[in-house]
Amino acid sequence: MREKLLETEKKALAELKEIQDQASLERFRISYLGKKGVLTTIMKGLGRLDPAQRPVIGKLANEIKQRLTAHYEEALEKMKAGSAGEAASFDVTLPGREPVYGHLHPITQTIREVCHIFEKMGFRVVKGPNVELDYYNFEALNIPKDHPARDMQDTFYISENVVLRTHTSPMQVRVMEAQKPPVSVIAPGKVYRRDSDVSHTPMFHQVEGLLVDRDVTFGQLKGTLTAFVREMFGKGTALRFRPSFFPFTEPSAEVDIGCVICGGKGCRTCGQTGWIEILGSGMVDPEVYGFVDYDPEVYSGFAFGMGMERIAMLKYGIDDIQLFFKNDMRFLRQF
Ligand code: PHE
């Protein structure tokens, strides 16, 4: 019995030495010192001993239990101090590591800035689908199936009557279909064309504008766009309206601004003309009113559409449109 007790103590101490974590330490306590532990079990067997031996062995068993308890408590203290020590080694006075802040993409910033300018003039922002019916993208904009104007906007077809929209102009039709005049909306979003070079990407962004009411004039179109250009590019920016053609506006005009790169003297960017085209516009063609059930005798309006990449390139002096979509952080961080 004596041998068994001493053997148990030796084994317990050896085990205790190896213990590294609190959970194992607790398991140690239960298996040696607990109510159903090894020592308690041995002591319960005392009754079977020779009465003369009982006090001696009982005393030894108690001593061993006390010694093991002391060792166990010491180990527990050490472990607690250990984890507290770890916390203390962390210097709370060190400056924090600042997270890297991101920001909006330059195109998103440009879209928001443009929309904000028009919102201040009373336009409401609306959004529509990128995957569009041929009907809204072409047909209802007075561009029938065999119209040559379709060649200018070579399209990604999903199926015969479903396309990736080539411009934001379908929103003109969708908005007029859904509400009666007065209408004044601005529609930003992605558009798609089969184009790719230094000034074209297959996906780019446009902002469309539409205003329809009684007695809307071409003068109001000019005033609205002039106010926009002055706010976007600065008060002194030169602009001109150049006659143009779109199947859904009549008359139509393209707007050029004085080249921001050379100040109008003529350079590579403006093709030596001193002017850069920024948008298409015009008075809504009465044909379009026919598709949305507006009376062309009562209502008139204007529309315009502009490319956001072009606007951003001019505003920030960027000469390659592809940069916007390469996700090169050296480029993007500058905005
Ligand atoms: N949708 C035309 C384009 O993408 C631009 C435009 C919009 C022209 C509205 C006139 C009126 O080229």
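The basis for the numbers below is simple: all heavy atoms, side chains too, and nothing from hydrogens, waters or symmetry mates. First listed ligand is number 1; within each ligand, the first listed atom is number 1.
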Where does Ser252 meet ligand 1, judged by heavy-atom distances below 4.0 Å: at the side chain, the backbone, both, or neither? neither
Hey, is ligand 1 close enough to Glu208 that some N/O pair sits below 3.5 Å? no
Classify the ring geometry between Tyr135 and Phe291 as parallel (under 30°), tilted (30 to 60°) or perpendicular (over 60°). perpendicular
Under 4.0 angstrom from ligand 1, any heavy atom of Gln206? yes
Hey, can you tell me if His147 and Phe245 have their rings parallel, tilted or perpendicular (30° and 60° cut-offs)? parallel
Nitrogen or oxygen atoms of Ser169 and ligand 1 under 3.5 Å apart: yes
Would you please indicate if the ring centroids of Phe248 and His167 are separated by under 6.0 Å? yes
Would you mind listing which atoms of ligand 1 come within a distance below 4.0 Å of any non-hydrogen atom of Phe248? 1 (N), 2 (C), 6 (C), 7 (C), 8 (C), 9 (C), 10 (C), 11 (C)
Check: Phe118 ring centroid to Phe304 ring centroid under 6.0 Å: yes
Answer yes or no: does an N/O atom from Arg193 fall short of 3.5 Å to an N/O atom of ligand 1? yes
Without swapping roles, check the side chain of Thr108 against the backbone of Leu104 for a donor-acceptor pair under 3.5 Å. no
So, the side chain of Ser24 versus the backbone of Ile19: is there a donor-acceptor pair under 3.5 Å, distance only? no
Enumerate the atoms of ligand 1 whose separation from the nearest heavy atom of Gln172 is less than 4.0 angstrom. 9 (C)
Ligand-side contact atoms (ligand 1) for residue partner Ser281, heavy atom cut-off under 4.0 Å: 8 (C), 10 (C), 11 (C)
Within 6.0 angstrom of Lys127 NZ, more than 12 heavy atoms from elsewhere: no
Should you measure from each heavy atom of Gly305, which atoms of ligand 1 turn up under 4.0 Å away? 6 (C), 7 (C), 9 (C)
